[in-house]
Structures are given as structure tokens and as C-alpha cells.
Visitor: 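One structure is given below, represented as C-alpha cells, and several questions about it will come after.
Hydrogens, waters and symmetry mates play no part in the numbers below; they use all other heavy atoms, side chains included. Please read all numbers here as calculations on a predicted model, not as lab measurements. Along the sequence shown, residues carry numbers from 1.
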Amino acid sequence: MSEQGISGRYLDGFAGVLAEVASTGRRLTREELRTRRALGEQAAEAGLGLRALVVAHLAAARGAWPVGPGSAESTLAALAAVEQAVDVFAEGYERAQRLTVRREEAARREFIDDLLYGRSDLGRLAERAERFGLRLSRAHAVAVAEGARSYGEGDAVARRVEAEVLARFDSHSILLTTKNGRLLCVAPGDTDEVLTYFARQASAATEGGRVAIGRPQTGPGGVVQSYEEALAALDMAERLGLPGPVLHAADLLVYPVLARDRQAMADLVQHTLGPLTAARGGAVPLLETLVAYFDSGCVAAEAARRLSLSVRALTYRLERIHQLTGADPADPAHRYMLQTAVIGARLLDWPERPL
């Protein structure tokens, strides 16, 4: 269908109505307004531009414009009719567009949920992914950012991060969204710079929030695996108080290994650190001392600074730990067992939670 034919379809009866209005001075009827509104909806669903359609209405009005004696009154009536007709036509057009956007948003949200939870048939999921620019046959990695509050799809923070990322990288292979109050970026696994840039922008936008980046994983289920790794990294960072706004799951693989056998880890914590509960003030101060000591590279002066203690006070605490546990934190032969037990205590939230 030619452009003129398309325009004519959505102007159906407009010139005739306008001529009648100009000759009689009447206003448009309710049925005429309903027809124009419906044509506006149909034009939007057909993907036509509103600007071209308005121009077509004005051109049709010019062709049917009243001339001759008494045209002043007719002109006023025609202008009022044009105003009404274009207004309801645009109303119908915008309503159809809003409905289309809502349907698109619902379809996108359903796809994201299926993608991140693996609830859909993988073959069908791969087909749907192409619509959103993802080719699930290749490897993908997921970055997840969390801040002090929850973020939704239309949140200003989410829009800001999305604008920054898409202004720099090709949007066709990147999916930016939100899930459970967190910001997410899904990108091809061989484009580290995309997720690194997203992490930097998301951390800044969330005012220092943490960002975890999962490892690249292949296939339709790869996005789920990378997403779950990123979530696990965030959880691990929260439990262990890991420094740095950006965490890479690949750098934290030792922690899931340690946490895999919970009973064995609980036995190690109980056997190694359980005697600390006999100290005056309980196990917490001495456990915090060990955390600071190991996190500072076993440098007593740095550990004391972190704990706001004198080096002498820190040394006394280390000696007390040695007395209670029989393991010397300064002795390399004992250090690995103690440090592993400290990691286990933090993973198991001991001594706040009983083993």
C-alpha cells in the first residue's frame, strides 16, 4: 500500500465531515469522535508516525476548507472540528502506544524472569532472547549491583546507569535490567570492558554499593549460572566484610569450597575457636582481633590501627588466643588452620549463631 493510500485509510471520511461542519456550523458527533479515536489507535498499531498523520489531517483540512460568502463563520466551525478531530485521533494513537509499551514491558519482564531462573524451555528461551539482542549460544556473564535501597526498572538510578552504559557500548548485545531491587547487566563473556564499566557506573550511582561479576558461562543456562555466582559473591562479601566495591566471582571460588561441607566447617570452628568463648568478654573481641590480624597481612601495627588499639594491647590479645586455643597466630604452622576457622566462623555467623 502506498504512503498516500495508508494516509487515506486513516483519514477516512474526514474531509466530508469537515465540509458538512463548515456548511452547518455543527460540532462533531460522539460517533464521529469515536471513529477518529479508533483510527488513531489503528494507525499506532500499524507503526505509522504521528507527525506524518497530523500533517495528512491538516492537508485534508486545507483541501476541504470553506471559501466564498459567509466563510468566516464556516472557518471557525471548521477550525473547531479540526481541533476536535486531531485531538481525539492523537488520543487514540497515544493510548494504543501506551498499551503496546505495557505489553512490551510485560514480555520483557517475563523473559528476564525466565532467563534468570531457567524456568522456560531452553530452546524457546534462546529464540526469545534474540528479540532482546542476546545470542545464548555464546558465553555470557552477569554483573549484579546492590545499594542501600531497592531499585526498580523505572528508577532514576537504573535509568542513569543504563544511559551511561548504552552511550558507550553497542546496545544490541547488552541487557540492562533490575531484579529483586538490584541492578543487572548481561553482556557477552568476551567483553570484560562492558561489565567493568557497568560496575564502575553502578557503584557510583548507588553511592558506593557493591557490584559482583559472575564468570562467563556458555549456553542458554549460562546466564543463570553467572547470575547465581554473582549473587553468591555478594552474599559472601556481606558475610566476610570483603573490601572493594567490585568483586569477581572467579576470585572468590575458595569460599564456596570451604562452605560446601557445613558440618565439617562447623567442627573446625568449634574445635579451633570454641575455646575463645571462655575469655572474659566472650569470643567476639578475640575473633575480631584475628580478622583484623589476618586481613592486615599479619602485620601487628596495621591490625592494631584497624582496631584502634595499641600494639601492646594487640599483642596481649594474640597471646591470649594462643593460650586458649593452643594455636599461635604468628606461627605459619598454625596460621592456616586459624585463618580457615576464622573464615568458617564468618560464613556460619558464629558465635552469634550456635553451631
Visitor: Where is the tightest heavy-atom contact between Ala43 and Tyr10, given as atom of each residue plus distance?
Guide: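 Minimum heavy-atom separation between Ala43 and Tyr10: N-CE2, 3.6 Å.
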Visitor: Within the distance-only criterion (no hydrogens, no angle test), does the side chain of Ser310 pair as donor or acceptor with the backbone N or O of Ala313 below 3.5 angstrom?
Guide: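 Looks like yes, one N/O pair under 3.5 Å.
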Visitor: Let me have the donor-acceptor pairs involving side chains of residues 283-299, under 3.5 Å, with sequence neighbours excluded, atom names and distances please.
Guide:
residue, atom, partner, partner atom, Å
Thr289, OG1, Pro285, O, 2.8
Thr289, OG1, Arg317, NH1, 2.9
Ser296, OG, Ala292, O, 2.8
Ser296, OG, Tyr293, O, 3.0
Ser296, OG, Val299, O, 3.4

Visitor: Between His334 and Ala330 (side chain of the first, backbone of the second, donor and acceptor by atom type, cut-off under 3.5 Å), is there such a pair?
Guide: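 Not at all, since once roles are kept as given, no pair shorter than 3.5 Å links the two residues.
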Visitor: I need the minimum non-hydrogen distance between Ser226 and Val142, along with the two atoms involved.
Guide: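 For Ser226 and Val142, the tightest heavy-atom pair comes out as OG-N, 2.9 Å.
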Visitor: Would you find a donor on one side and an acceptor on the other, under 3.5 Å apart, between the side chain of Thr29 and the backbone of Glu32?
Guide: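 Answer holds: yes.
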Visitor: For Arg9 and Gln42: C-alpha separation, side-chain torsions, deciding distance, then whether side-chain contact (heavy atoms from CB on, under 4.5 Å) applies.
Guide: CA-CA 10 Å; Arg9 173 184 174 185; Gln42 294 168 22; 4.2 Å; yes
Visitor: Is there a donor-acceptor pair under 3.5 Å between the side chain of Asp349 and the backbone N or O of Glu352?
Guide: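 No, the answer is negative, given that no donor and acceptor are paired below the 3.5 Å cut-off.
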Visitor: Quick check: does any side chain N or O of Arg335 sit under 3.5 Å from a backbone N or O of Pro329, one acting as donor and the other as acceptor?
Guide: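 Confirmed, Arg335 side chain pairs with Pro329 backbone.
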Visitor: Taking the side chain as every heavy atom from C-beta outward, state whether Val211 and Val144 have any pair of such atoms under 4.5 Å apart.
Guide: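 When only atoms from C-beta onward are counted, Val144 and Val211 do not touch, as no gap falls below 4.5 Å.
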Visitor: Stepwise, does the side chain to side chain donor-acceptor pair (under 3.5 Å) test hold for Glu146 with Thr206?
Guide: CA-CA 7 Å; Glu146 64 179 5; Thr206 57; over 6 Å; no
Visitor: Report yes or no: does Thr191 contribute a side-chain atom to a donor-acceptor pair with the main-chain N or O of Glu193 at less than 3.5 Å?
Guide: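 No, because the side chain of Thr191 does not come within donor-acceptor range (under 3.5 Å) of the backbone of Glu193.
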Visitor: Could you list the donor-acceptor pairs under 3.5 angstrom formed by side chains in residues 268-281, with sequence neighbours left out?
Guide:
residue, atom, partner, partner atom, Å
Thr272, OG1, Leu268, O, 2.9
Thr277, OG1, Gly274, O, 2.7

Visitor: For the backbone of Leu242 and the side chain of Arg210, can you confirm whether one donor and one acceptor N or O come within less than 3.5 Å of each other?
Guide: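 Yes, the answer is positive, given that a donor and an acceptor are paired below the 3.5 Å cut-off.
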Visitor: Ignoring hydrogens, what is the shortest heavy-atom contact between Ala237 and Leu247? Give both atom names and the distance.
Guide: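 Between these two residues, the closest heavy atoms are CB-CD1, 3.2 Å.
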